[in-house]
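Please read the structure below before turning to the comments.
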Amino acid sequence: MSLDEKAYEIIKAAGKEGILQSELWKKLGISSREGARIVSRLEKRGLIERKRVIHNGRRTYRVFALIKEESQIQWDTLEGCPCFTCHDLYRCGSGNPLSPELCEKMTKWLMKLVDKFKDSETS
Amino acid sequence: MLARMSSEELNINPELLSLLSAVILDIGGKAALDVVLALLKKKEATDEELVQMLKMKANEVRKILYLLHNYNIAIYRRVRDEETGWYTYFWRINLENIKDLVIRRKREVLKKLKERLEYERSGNYYYCPNHNLKRYKFEEAMENYFECPVCKSPLVPFDNSQMIKVLEIMISKLEKDLESVRSTAAWHAPR
């Protein structure tokens, strides 16, 4: 893990509270000069946010992670793979009465895909 | 009418709602989605209330609730009637769980596909042209004198090289998908 990644993990772990820059430097064991560079890099990438605060009478920054919504999670059933909606998914396994090896639903799906790939190759 | 409800009305993140709808439609169809949306709107409801809201048959509503409960999408809290000793079930939707559910299911499916790939790679298979979903290992085919036990037509070798190829494509697709979930924090997000 690079230093940037480590820093990001620490900021993320701080959650909504965020973390003071100085605390971040301490945790990473780096100088404020190095730290400032890391933080500004992360900020440019839109991963974190800095807010100006006054701490012990000194002006400093508190950094917050901008956690992106896990929007990448999609319900993609791989062109109709029956397993995704199979009620027996967690009972199915090699050697069991229900197994991916002998599952006819899966065979059907695979055959369909094979045909489809053949078609797209010939056309 | 319920299907037209917007994410604002329900106060749910639109992406989460569309993910939820896609999942529900696939596992339970339109009726299940109606039940889910009604539950989201009302936050918590008994099966009777749902029957009234949706004008559906009570057994249908319950069937859907049990199905959703199986997937841990619908959860309930039950209250015992002191006098009769009967339980009343209050159902609600376990929204926080939906992303986990999708990820867990994807991981499980990946496992199954890998097992299948292993199987396809590990031997020679025969099949009957009339019953082409059932396949026989070499030994099984031999025991049946290379005849279909059902219709007695000769068994033919099954060329599964295409099937292996398809499986490999799908496995790598799913792996890539799960990979992106692991780095959800958008570490590799475009700058």
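Convention: sequence-line order gives letters A, B, ...; per-chain numbering from 1.
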How about [X]: does its [atom1] atom have over 12 heavy atoms from other parts shown lying under 6.0 Å from it?
X        : atom1 : result
B:Glu44  : CD    : yes
B:Glu147 : CD    : yes
B:Asn72  : CG    : yes
A:Arg50  : CZ    : yes

Leading residue by heavy atom contact count with chain A [cutoff under 4.5 Å; candidates B:Val23, B:Val102, B:Ile169, B:Leu19]: B:Val23
Choice from B:Glu120, B:Met163, B:Lys111 maximising heavy atom contacts with chain A below 4.5 Å: B:Met163
Is there a path of hydrophobic side-chain contacts, each under 4.5 Å between heavy atoms of I/L/V/M/F/W/Y residues, joining [Y] to [X]?
X        : Y        : answer
A:Phe84  : B:Ile24  : yes
B:Leu167 : A:Phe117 : yes
B:Leu117 : B:Tyr119 : yes
B:Ile103 : A:Tyr90  : yes
A:Ile38  : A:Phe64  : no

Among the listed options A:Lys105, A:Lys108, A:Met106, the residue most often paired with chain B at heavy-atom distances under 4.5 Å: A:Met106
Pairwise distance [atom1]([X]) to [atom2]([Y]) - rounded to 0.5 angstrom:
X        : Y        : atom1 : atom2 : value
B:Lys137 : A:Leu102 : NZ    : CG    : 7.5 Å
A:Thr107 : B:Tyr127 : OG1   : OH    : 13.0 Å
B:Ile27  : A:Thr77  : CD1   : OG1   : 12.5 Å
A:Met111 : B:Gln162 : CE    : CD    : 12.5 Å
B:Arg116 : A:Ser94  : CZ    : OG    : 11.5 Å
B:Arg135 : A:Glu101 : CZ    : CD    : 10.0 Å

What part of [X] lies closer than 4.5 angstrom to a heavy atom of chain A: side chain, backbone, both or neither?
X        : answer
B:Leu67  : side chain
B:Asn70  : neither
B:Phe158 : side chain

Pairwise side-chain contact, A:Leu78 with B:Leu113, heavy-atom cut-off 4.5 Å (strictly under): yes
pair A:Cys92-B:Lys112: side-chain heavy atoms closer than 4.5 Å: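 Side chain of A:Cys92 against side chain of B:Lys112, heavy atoms only: contact under 4.5 Å found.
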Distance-minimising heavy-atom pair for B:Glu115 and A:Pro100: OE1-CG, 3.2 Å
Closest contact, heavy atoms only, B:Lys173 versus A:Glu79: NZ-OE2, 3.9 Å
B:Lys134 side chain vs A:Glu104 backbone, donor-acceptor pair below 3.5 Å: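 Not a single qualifying donor-acceptor pair exists.
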B:Arg105 side chain to A:Thr85 side chain, donor-acceptor N/O pair below 3.5 angstrom: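 There is no such pair (donor and acceptor under 3.5 Å, judged by atom type) between the side chains of B:Arg105 and A:Thr85.
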